[in-house]
Protein chains: 2
Amino acid sequence: MQNKTIKDIAKTLGVSTSTVSRALSDNKEISLKTKQKILAYTKAINYIPNPMALSLRGKINKSIAIVVPTLHNSFFSDVIAGIDSIAHKKGYHIIIFQTQETYNREVEEVLQALGRRVDGIAISLSGQTDNFDHVIKLIDDKFPIVFFDRVPTFEGAPRITVDNFRLAYECTQQMIDRGFKKFAHVATPLNLNNIRERHEGFVQCIKDNHLQFDKRLLKICNYDPLQAHNAVKCLIENFKIDAIFTSSDKITIDTCRALNDLMPNDHIITQFGFTNLSTADLISPPIISIKQPAFELGAITAEVLLHNIETTEYENWKTEDIKIN
Amino acid sequence: MQNKTIKDIAKTLGVSTSTVSRALSDNKEISLKTKQKILAYTKAINYIPNPMALSLRGKINKSIAIVVPTLHNSFFSDVIAGIDSIAHKKGYHIIIFQTQETYNREVEEVLQALGRRVDGIAISLSGQTDNFDHVIKLIDDKFPIVFFDRVPTFEGAPRITVDNFRLAYECTQQMIDRGFKKFAHVATPLNLNNIRERHEGFVQCIKDNHLQFDKRLLKICNYDPLQAHNAVKCLIENFKIDAIFTSSDKITIDTCRALNDLMPNDHIITQFGFTNLSTADLISPPIISIKQPAFELGAITAEVLLHNIETTEYENWKTEDIKIN
DNA sequence: TTGAAAGCGCTAACAC
DNA sequence: GTGTTAGCGCTTTCAA
């Protein structure tokens with residue numbers, strides 16, 4: 001069953017390989033008759049050109065790399081689904097690389113992606129990354145790369161994000177409108193742009209409403225549920241808070257569990273925050289949840305990336321940032 | 001920055017391409033000195049051989065295809081994470097193909113995977129698939145393929161599944177032990193092996209406890225939430241049921257929403273079922289939830305597939321089915 | 001121990 | 001309108 005080659009086809013049909021190649025590439029320098037004969041045959045045998053050979057010839061590979069911190073996160077799964085939806089339409093396949101949130105893996109995986117000669121890279125940075133040489137090099141070399149969600153601070157390649165500031169601001173405003181006054185924020189470290197922007201939107205909204213945000217009410221946790229538990233415990237015991245803002249998926253869940261553990265019956269504290277779970281509406285105690293348009297983010301990332309891949313003139317590449325609403 | 005080729009290296013070092021190739025492949029027909037010189041240099045420049053060239057030469061590609069119905073499902077995301085964890089260790093990359101639950105896409109995507117010359121395929125069948133020629137052909141050709149979760153009825157290639165019957169049986173037994181007596185089952189169509197096995201485990205347990213299962217209490221729904229709503233409504237209005245069994249992720253959620261809508265305050269019906277959501281414990285009304293070991297399923301799938309890929313003697317391939325507990 | 005050359009599947013000059 | 005050939009990066013005979 002080994003996929004037939006252009007050579008086999010040529011032999012079977014009694015023509016040369018270049019004739020077959022021409023028929024396949026819709027070249028005009030070929031008679032309609034031979035072309036139809038060849039196309040009929042290739043269709044019949046389900047011929048698929050060997051992408052390795054194409055790639056070796058310098059043609060594009062029709063594959064893009066997606067580099068994400070982890071797949072254990074419905075946000076990234078949704079983004080990938082969005083990227084795939086666009087990529088598939090244009091005949092591209094996606095190859096997934098996980099960095100497990102470490103800088104070393106990120107460098108390695110980017111190298112691997114290049115080694116595989118993907119046509120472009122869509123990347124969301126690891127939580128550890130603070131050196132950007134590996135991606136700057138790509139930008140300098142005009143290799144198609146697009147950042148999404150967790151993006152670097154410098155310009156040069158498109159950065160596709162959701163409008164974290166605005167989403168956080170608006171949700172906080174809703175809470176204030178409903179009468180909440182004393183807010184805490186349980187967050188993962190602010191070195192990631194998205195988390196930082198969410199914090200800023202949250203604080204700005206509080207300020208704009210002439211309320212105060214006590215800095216001790218910002219609790220930074222890592223990915224350990226126990227830290228969230230302790231943070232919530234500290235908040236409950238020491239401060240009279242109305243509401244807790246949580247600014248990413250996992251921490252939202254951890255905080256929710258902490259609240260359930262620490263005050264199982266009276267839900268006097270209301271939680272609001274970012275989560276991409278499909279079941280956010282079913283969770284108890286209820287969370288006012290902010291859902292990022294992850295699928296759409298992926299779709300736009302793919303569109304920009306594919307545009308650049310398929311545009312040979314560098315000056316026509318898209319480089320501007322996009323904030324999705 | 002275009003990755004250097006073996007030719008560039010040869011030129012820089014003043015040796016021939018074959019010498020470089022030999023150094024890289026740890027060939028013994030080469031002096032230690034030249035070898036070390038070459039290796040030092042290739043390491044310094046971060047040389048990665050072009051996998052396209054390797055693949056063209058008939059070497060393996062170090063990539064495997066994962067064909068899944070959809071990525072919009074935390075079960076499959078987790079399986080993929082599990083596959084990747086093993087594949088990455090052995091230097092393989094994963095390329096993901098979605099069938100969107102349709103037979104036509106499944107055939108097409110399998111063809112695409114072969115076109116890409118992946119070394120093997122891990123596949124979970126679409127909900128529509130009832131013709132298996134496309135995969136039987138691969139098995140006949142001794143192409144490495146492993147089925148997981150949604151597997152065909154015939155033997156010949158490894159089928160990795162969770163023990164659906166047992167999981168369903170045990171959970172039902174728990175419910176009976178807690179005093180529940182009158183059960184309904186809200187399910188997606190039973191043509192998929194996993195759903196059918198779950199139903200069988202559920203019914204068998206009821207029978208073994210000398211209870212009766214009224215067949216009218218099996219409600220088949222598709223992926224539309226409205227169908228689940230109507231099914232639940234019908235069950236509530238016409239039958240005095242204690243508990244509802246739901247046998248897959250999405251239908252579990254849909255049923256949960258339906259219960260919330262139809263009887264928001266008195267939770268006289270208890271739901272138990274399969275779900276892979278990380279937040280199953282937070283959902284209200286509480287669900288007795290059965291979690292499949294998705295990550296582990298993926299890991300084992302990858303192990304079997306990679307074993308077969310790397311084993312040249314066909315008689316040493318693993319072909320037996322595996323049920324994970 | 002090393003180099004030269006062929007060939008994997010394909011495309012694109014260049015011939016005819 | 002069609003065939004011949006070189007070459008993409010690599011490995012592997014075969015010579016030296």
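Every chain is numbered from 1 and lettered A, B, ... according to where its sequence line falls, protein lines coming before strand lines.
- Note: CG (Leu32(A)) to C1' (dG1(D)) measures 13 Å, nearest angstrom.
- Annotation: ring-ring contact (aromatic ring centres under 6.0 Å, His included) contacts of His72(B) (sequence neighbours excluded): Phe295(A).
- With DNA chain C read from its 5' end, the first of the two nearest nucleotides for Leu56(B) and Thr19(B) is the one closest to Thr19(B).
- For the pair Lys11(B) NZ and dG3(C) C1', the interatomic distance rounds to 17 Å; values are reported in whole Å.
- Contact annotation: the side chain of Ile95(A) approaches that of Ile95(B) to within less than 4.5 Å [non-hydrogen atoms, C-beta and beyond].
- In this structure, Ile6(A) atom CD1 and dG3(D) atom P are separated by 13 Å, rounded to whole Å.
- If you take CG of Leu24(A) and P of dC10(C), they are 9 Å apart, rounded to a whole angstrom.
- The residue Ser18(B) sits close to a base: some heavy atom pair falls under 4.0 Å.
- Here Lys7(B) reaches the OP1 or OP2 of dC8(D): one of its side-chain N or O atoms lies under 4.0 Å away.
- Direction change of the helix axis from one end of the helix from dT1(C)-dA16(D) to dC16(C)-dG1(D) to the other is 50°, with five pairs defining each end axis (rounded to 10°).
- Atom CZ of Arg22(B) and atom P of dA15(D) are 15 Å apart (whole Å).
- dT1(C) atom C1' lies 11 Å from atom CD1 of Ile38(B), rounded to whole Å.
- The side chain of Thr17(B) contributes no N or O atom lying less than 4.0 Å from OP1 or OP2 of dC10(D).
- Between the side chain of Asp8(A) and the backbone N or O of Thr5(A) there is at least one donor-acceptor pair closer than 3.5 Å.
- A heavy-atom distance below 4.0 Å to DNA chain D is reached by none of the residues of residues 40-53 of chain A.
- Between Glu29(B) and Arg57(B), the residue whose closest nucleotide on DNA chain D is further toward the 5' end is Arg57(B).
- The side chain of Ser16(B) places no N or O atom within less than 4.0 Å of a non-bridging phosphate oxygen (OP1 or OP2) of dT2(C).
- A tilted orientation is assigned to the rings of His93(B) and Phe97(A), their planes being inclined by 30° to 60°.
- Contacts of Ser31(B) with the nucleic acid, taken as non-hydrogen atoms under 4.0 Å apart, involve only primed sugar atoms and P, OP1 or OP2.
- Side-chain atoms of Thr161(B) and Asp321(B), non-hydrogen and from C-beta on, never get closer than 4.5 Å to each other.
- In this structure the side chain of Ser77(B) never reaches within 4.5 angstrom of the side chain of Leu71(A), judged on heavy atoms.
- Side-chain atoms of Ser124(B) and Val79(B), non-hydrogen and from C-beta on, never get closer than 4.5 Å to each other.
- No side-chain heavy atom of Leu54(A) sits under 4.5 Å from any side-chain heavy atom of Lys62(A).
- Dashed line: the shortest gap from a side-chain N or O of Lys4(B) to OP1 or OP2 of dG9(D) is not under 4.0 Å.
- Heavy atoms of Thr34(A) sit under 4.0 angstrom from primed sugar atoms or phosphate atoms, though from no base atom.
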From CA spacing to verdict: side-chain contact (heavy atoms from CB on, under 4.5 Å), Ile66(A), Phe76(A): CA-CA 10 Å; Ile66(A) 305 180; Phe76(A) 288 121; over 6 Å; no

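- In the set dT11(C), dG3(D), dC10(D), the nucleotide with an atom closest to the side chain of Leu54(B) is dC10(D).
- When each of dC10(C), dT2(D), dG3(C) is scored by its nearest atom to the side-chain atoms of Ile30(A), the top-ranked nucleotide is dT2(D).
- Looking at heavy atoms from C-beta onward, Pro158(A) lies in side-chain contact with Asn308(A) at the 4.5 angstrom threshold.
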